[in-house]
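Note sheet for the following structure.
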2 protein chains.
Amino acid sequence: MQPTAQISPAALSQKLADSGLRNTPQREVVYSVLVGKRDHPTADEVFARVKSEMPTISLATVYNCLEALVQCNLVRQVNFERGPTRYCPNLHPHAHFHDEATGATYDIDLPPALLEQLRSQLPSGYRASDVEITFRGQATA
Amino acid sequence: MQPTAQISPAALSQKLADSGLRNTPQREVVYSVLVGKRDHPTADEVFARVKSEMPTISLATVYNCLEALVQCNLVRQVNFERGPTRYCPNLHPHAHFHDEATGATYDIDLPPALLEQLRSQLPSGYRASDVEITFRGQATA
DNA sequence: CCTTTGTTTAGAATTATTCTAATTCTTACT
DNA sequence: AGTAAGAATTAGAATAATTCTAAACAAAGG
């Protein structure tokens, strides 16, 4: 998993603008927190991390910022079963491995050919804009 | 998608017993409702369907029954994003296609070889007990 | 029987998330 | 600069799905 490079504030503004959204200090901090520690944090965890840098931010704003970043395709949402939504700034197509023992989440790179093979399993008439692949198990390493 | 045949009440009892659980009229009805209409209903939807047959059942019991059936491997849970959990009596390994327009869910059969290929992408030390594959998009057919 | 253990039930509690309404910021005119 | 219009932020209320709680019930074993 090579990390996705953090984009510049200007590029962030641009990406937001592309989706009709504005850049704000809050959105910048939320984004930088996400790329700073790619452990698939929940909104609550993001909130806690952001507060140390910007103590006045509210949880509602964190949700708003995360949604904005998802909308402009800088961040992906990840869900495991019924757990809280997690956020992932890795934009490479990849799967997730969810360690049932520790709760940790790892990114798993997938060859594009394999994804293509998966897509080809769909009957004609089914057009998938997205595939989500999640492994569950134990990582002993 | 060939449908999974409904198992007999005796076999249901046996499966439950294998997991240290008892059979009950409620569990039988919940199971028969699930196999009766395989449209991946939510707990609420199951509740509504079961009530017509057994009007005194409670929602908590439906949750309990569904959990029991999941535990003894007769039913799978399916989650889409943040939506309510859905229940699926199809035990063949398969993926799901979630139609974003209608909200409908379709089962997609997957060749075991492809699943094996997916599993082989995991680094050594990662042992997956389960893989979940979800397509999102639009079904025009 | 009588005890133990599992199940059901109704309703309360919980959790993650979204909504609301008031305020504050930006942007873009004039 | 001054101001109107549209976004974004905030705190707290509301919601939705699910889980928990405690009491009643049922079944199984000695």
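So you know, we letter chains A, B, ... as the sequences are listed, proteins then strands, and number each from 1.
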Rounded to the Å, how far apart are B:Phe47 CZ and C:dA10 C1'?
11 Å
Over all atoms of both residues, closest heavy-atom pair of A:Ala43 and A:Leu59
O-CD1, 4.3 Å
Rounded to whole Å, how long is the line connecting atom CG of B:Leu59 with atom C1' of D:dC20?
13 Å
Consider only side-chain heavy atoms of I, L, V, M, F, W and Y, link residues closer than 4.5 Å, and tell whether A:Phe80 and A:Leu66 are in one cluster.
no
Any side-chain N or O of B:Asn64 below 4.0 angstrom from OP1/OP2 of C:dT8?
yes
For A:Thr85, report the nucleic acid contact type (base, sugar-phosphate, nothing); a contact means any heavy atom under 4.0 Å.
sugar-phosphate
The single option from A:Asn90, A:Asp107, A:Thr105 passing side chain to side chain donor-acceptor pair (under 3.5 Å) against A:His96:
A:Asp107
How many Å lie between CZ on A:Arg27 and P on C:dT26, as a whole number?
12 Å
In terms of side-chain heavy atoms of A:Ala43, which of C:dT8, C:dT9, C:dT17 is nearest?
C:dT17
Look at all strands and tell whether B:Thr56 reaches a base, only sugar-phosphate, or nothing, counting heavy atoms closer than 4.0 Å.
sugar-phosphate
Is there a side-chain polar atom (N or O) of A:Gln26 under 4.0 Å from OP1 or OP2 of C:dC25?
no
Considering heavy-atom distances to DNA chain C, does B:Gly20 or B:Ile57 have its closest nucleotide positioned more toward the 5' end?
B:Gly20
Spacing between B:Tyr31 atom OH and C:dT7 atom P, to the nearest angstrom
18 Å
Verify, without hydrogens or angle tests, whether B:Arg27 (side chain) and B:Arg22 (backbone) share a donor-acceptor contact under 3.5 angstrom.
yes
Ignoring the backbone of A:Thr24, work out which of C:dG11, D:dT18, D:dT9 is nearest its side chain.
D:dT9
Per B:Ala60 side chain, nearest of listed nucleotides D:dC20, C:dT17, D:dT10
D:dC20
How close or far is atom P of D:dT19 from atom CG of B:Asp44, stated in whole angstroms?
13 Å
For A:Lys51 and D:dA11, what is the distance between atoms NZ and P respectively, to the nearest whole Å?
10 Å
For the pair B:Asp130 and B:Arg76, evaluate salt bridge (Lys or Arg N to Asp or Glu O under 4.0 Å) and give the outcome as yes or no after the intermediate values.
CA-CA 11 Å; B:Asp130 196 34; B:Arg76 274 178 56 185; 5.8 Å; no
Give the rounded distance in Å between these two atoms: CG of A:Asn79 and P of D:dA17.
15 Å
At under 4.0 Å between heavy atoms, what does B:Thr61 touch on the DNA or RNA strands: base, sugar-phosphate, or nothing?
base
Take the protein atom CD of A:Glu81 and the nucleotide atom P of D:dT19, then report the distance between them rounded to whole Å.
11 Å
Of the options C:dA16, C:dT8, C:dT5, whose atoms approach the side-chain atoms of B:Arg22 most closely?
C:dT5
